[in-house]
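Everything on this sheet refers to the single structure shown next.
Side-chain atoms are counted along with the backbone in the values below, which use heavy atoms only and exclude waters and symmetry mates. Count residues from 1 along the sequence. What you see is a predicted model, and the numbers here were worked out from it, not measured in a lab.
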Amino acid sequence: MKGMTNVLLIFLMIEFACMNEDEGVQYRIIGQEKIHKIPVGSKLSLDCPLIQISNRPGTIMLWKKGHRVLTAGKMKVRRDPRLELLGSSLQIQGIGIHDGGRYSCEVETDAAEPLAVVHIVEILVPPTVKTEPASGDITVREGTSVSLECRANGNPAPRVSWIRGDEPVVAGMQLQGGRIELGSNGMILTLHNVDRRNTGVYHCRGSNGVGKDAIGKIRLHVLYAPIIKAVNRVVEGGTGHRKQLTCVVHAEPSADLTWYKNSMLLDLGTRYSISREGRRHHLIVHKVGVEDFANYSCHASNSLGRSKEVIQLRGNPCVPVFDNKVLYNGAGAYTVSWYTTSFEDILEYRLLYTQVESGLETASQWNTIIINGPQGGSINPIQQHFPLGGLEEGAAYQAKVMARNRFGWSEYSDVFSFITGTVPHDIPAEKQVPEHLNGNLPPLFALNSSPVSTSCNHIILLFGMMLLRTP
């Protein structure tokens with residue numbers, strides 16, 4: 001009977017406490033509020049020293065969360081197996097995201113206000129991200145705008161960042177030609193005027209300093225009409241030899257490809273065959289004949305459009321290339337050299353050279369030299385050189401060359417720039433460059449067409465002088 005009386009008394013006190021809360025009665029806080037920031041899943045311990053402050057007989061301590069009573073005295077009012085009362089302290093195992101809030105332990109006194117200790121509990125939650133759509137795949141047409149969405153949750157609120165490959169994506173930047181916008185605190189990435197280069201995997205990362213960062217992945221597919229580029233728009237071939245023409249095709253969805261010779265659909269027969277390596281489409285001419293020298297075009301088409309690229313197969317020589325050597329042959333005489341490829345005999349070269357006037361970057365008037373052949377054709381590079389006489393010492397010159405076989409001229413080579421050296425005229429004859437060694441000398445005074453510092457030019461000239469003075 002005495003036990004039942006105590007239980008009834010406890011419930012009356014709980015009811016009285018709740019009535020006081022509802023009527024807006026303020027309790028008196030002992031000390032400052034304590035703030036606890038605890039990761040989800042952890043164990044929470046809250047202490048209450050009030051029982052030691054007010055120890056008159058019959059005093060009962062209440063633990064409450066907000067208005068809800070958790071314990072009264074030594075009795076658990078809320079049936080939650082995670083709750084445990086250790087002396088006057090409240091302990092909660094496996095804290096969840098809904099356990100945050102205002103906790104207080106109270107002791108009724110003779111005064112109008114109860115004594116209380118207040119704890120503010122904030123649950124720290126690691127970030128999570130959810131992509132929209134859930135599949136993580138988005139397909140759009142080229143030229144449109146698209147939004148990639150990555151909803152992030154956690155406490156504190158996560159900061160969201162975006163990465164494509166190894167490159168961070170930030171607002172205002174131009175990503176492969178498309179303008180970038182970020183909205184909803186970074187959770188929505190909008191790409192404007194997308195093209196094929198925007199295709200790829202985008203990662204969103206949510207981080208708030210609690211636990212591990214959360215990462216979401218969105219694959220963006222951009223649909224576009226075919227884009228074709230020839231590996232070489234002009235291909236030099238030789239009769240009796242095998243030759244390959246190649247077009248690189250970008251298209252989404254994949255494109256169908258056909259080959260034309262001049263304006264007619266190509267009949268492959270036994271003379272031609274086609275193959276493919278990824279985006280590279282090859283047309284193989286197994287044994288080139290004179291009739292095969294023509295314009296070939298690869299045509300690609302898909303549901304969004306079509307495109308073509310033209311490749312010329314011809315028997316002309318390849319464009320000559322200077323080999324960055326200028327050899328000293330005596331005062332005002334220098335030899336330049338180059339190489340080219342021609343399956344047919346080279347009938348002649350046209351060599352142009354000129355002195356570059358002071359203060360000018362390019363020559364104003366070219367001197368022309370015709371170098372007659374024949375020079376035997378080969379599948380390997382063909383070397384040629386020519387001595388230039390009457391040049392001014394210590395002056396800047398430019399040269400270019402083209403080659404001709406029975407099918408016509410090549411294009412001109414790139415312009416080759418060089419500076420003639422300043423060599424003393426009293427060098428003994430035995431120290432001059434012997435004629436038969438011209439092709440074996442190291443480059444002394446050559447400069448390519450790219451910018452070279454003046455100090456490097458001086459070093460090259462001095463090095464050449466040293467070699468000429470060596471006994």
Side-chain angles (χ1 to χ4, degrees), residues 228-248 257-275 280-299 308-325 335-353 366-386 388 398-416 439 449:
I228 303 181
K229 183 178 178 64
V231 173
N232 293 295
R233 291 184 174 178
V234 178
V235 176
E236 285 81 10
T239 55
H241 295 274
R242 178 182 183 275
K243 209 62 187 177
Q244 177 175 288
L245 315 181
T246 302
C247 282
V248 180
L257 189 129
T258 52
W259 287 90
Y260 285 74
K261 180 180 179 181
N262 293 324
S263 58
M264 302 296 292
L265 182 65
L266 183 64
D267 181 12
L268 296 179
T270 59
R271 297 177 58 82
Y272 307 94
S273 64
I274 57 175
S275 65
R280 290 176 171 256
H281 297 257
H282 308 293
L283 172 64
I284 298 98
V285 185
H286 294 290
K287 191 175 182 179
V288 175
V290 174
E291 67 276 11
D292 295 315
F293 294 132
N295 290 326
Y296 295 82
S297 56
C298 45
H299 294 241
K308 74 173 184 177
E309 180 77 314
V310 177
I311 302 175
Q312 181 186 13
L313 176 61
R314 66 181 192 177
N316 305 49
C318 294
V319 177
V321 178
F322 283 94
D323 61 6
N324 287 344
K325 268 197 307 189
T335 295
V336 293
S337 59
W338 62 88
Y339 60 89
T340 186
T341 301
S342 175
F343 293 92
E344 304 288 334
D345 290 352
I346 293 179
L347 303 179
E348 61 178 323
Y349 292 98
R350 181 180 294 163
L351 175 63
L352 277 66
Y353 75 97
W366 294 91
N367 303 297
T368 302
I369 299 175
I370 299 298
I371 306 168
N372 292 316
Q375 188 177 19
S378 173
I379 60 174
N380 298 314
I382 302 169
Q383 191 78 30
Q384 180 62 286
H385 61 273
F386 189 83
L388 297 174
Q398 290 182 338
K400 58 183 179 180
V401 65
M402 63 192 311
R404 182 176 73 87
N405 63 17
R406 70 185 180 106
F407 292 106
W409 287 96
S410 70
E411 282 77 22
Y412 273 112
S413 68
D414 290 338
V415 172
F416 177 61
S449 56

Minimum heavy-atom distance between [X] and [Y], given as atom pair plus value:
X: Pro320; Y: Met402; value: CG-CA, 4.0 Å
X: Arg350; Y: Tyr412; value: CD-OH, 3.3 Å
X: Ile346; Y: Tyr349; value: CD1-OH, 3.1 Å
X: Asp345; Y: Gly376; value: OD1-CA, 3.4 Å

- Results of salt bridge (charged side-chain N to carboxylate O under 4.0 Å, His left out) for Arg406 - residues two or more places apart only: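 Arg406 satisfies salt bridge (charged side-chain N to carboxylate O under 4.0 Å, His left out) with Glu344 once adjacent residues are dropped.
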Sequence neighbours excluded, which residues qualify as side-chain hydrogen bond (donor to acceptor under 3.5 Å, both in side chains) partners of [X]?
X: Ser413; answer: none
X: Gln312; answer: none
X: Ser410; answer: none

- Message: Donor-acceptor check, side chain of Thr340 to backbone of Cys318, threshold 3.5 angstrom: yes or no?
- Response: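 Such a contact is found between Thr340 side chain and Cys318 backbone.
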- Counting N and O atoms only, with roles assigned by atom type, does the side chain of Asn405 sit under 3.5 Å from a partner on the main chain of Gly315, one being a donor and the other an acceptor?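 Side chain of Asn405 to backbone of Gly315, a donor-acceptor pair under 3.5 Å: yes, one is there.
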- His299: partners by side chain to side chain contact (heavy atoms under 4.5 Å, CB included), with sequence neighbours left out: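 So His299 forms a side chain to side chain contact (heavy atoms under 4.5 Å, CB included) with Thr258, Tyr260, Ser297, Arg306, Lys308.
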- Task: With sequence neighbours left out, write down each residue that passes side chain to side chain contact (heavy atoms under 4.5 Å, CB included) with Thr270, or none if nothing qualifies.
- Result: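 Here no residue qualifies.
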Determine whether [X] and [Y] make a side-chain contact, defined as any pair of heavy atoms from C-beta on separated by less than 4.5 Å.
X: Ile284; Y: Ile274; result: no
X: Arg233; Y: Val310; result: no
X: Ile228; Y: Cys298; result: yes
X: Leu313; Y: Val285; result: yes
X: Val231; Y: Val248; result: yes
X: Trp409; Y: Glu348; result: yes

- Nearest-0.5 Å distance that lies between atom CG in Leu347 and atom OG in Ser342: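 Interatomic distance, Leu347 CG to Ser342 OG, rounded to 0.5 Å: 8.5 Å.
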- When the aromatic ring centroids of His241 and Phe343 are compared, is their separation below 6.0 Å?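 Yes, close enough.
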- Does NZ or CZ of Lys400 come closer than 6.0 Å to the centre of the six-membered ring of Trp338, within 45° of the ring's axis?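 Judged by the rule (NZ or CZ under 6.0 Å from the ring centre, within 45° of its axis), Lys400 is not positioned above Trp338.
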- Item | Chi angles and distances behind the side chain to side chain donor-acceptor pair (under 3.5 Å) call for His282, Thr246 | CA-CA 5 Å; His282 308 293; Thr246 302; 2.8 Å; yes
- Query: Can Arg271 and Glu291 be counted as an ion pair, charged N to O under 4.0 angstrom?
  - Reply: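 A salt bridge is present here (some side-chain N lies under 4.0 Å from a carboxylate O).
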- Query: Salt bridge check: are Glu236 and Arg314 linked by an N-O gap of less than 4.0 Å?
  - Reply: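 Looking at Glu236 and Arg314, the cut-off is met.
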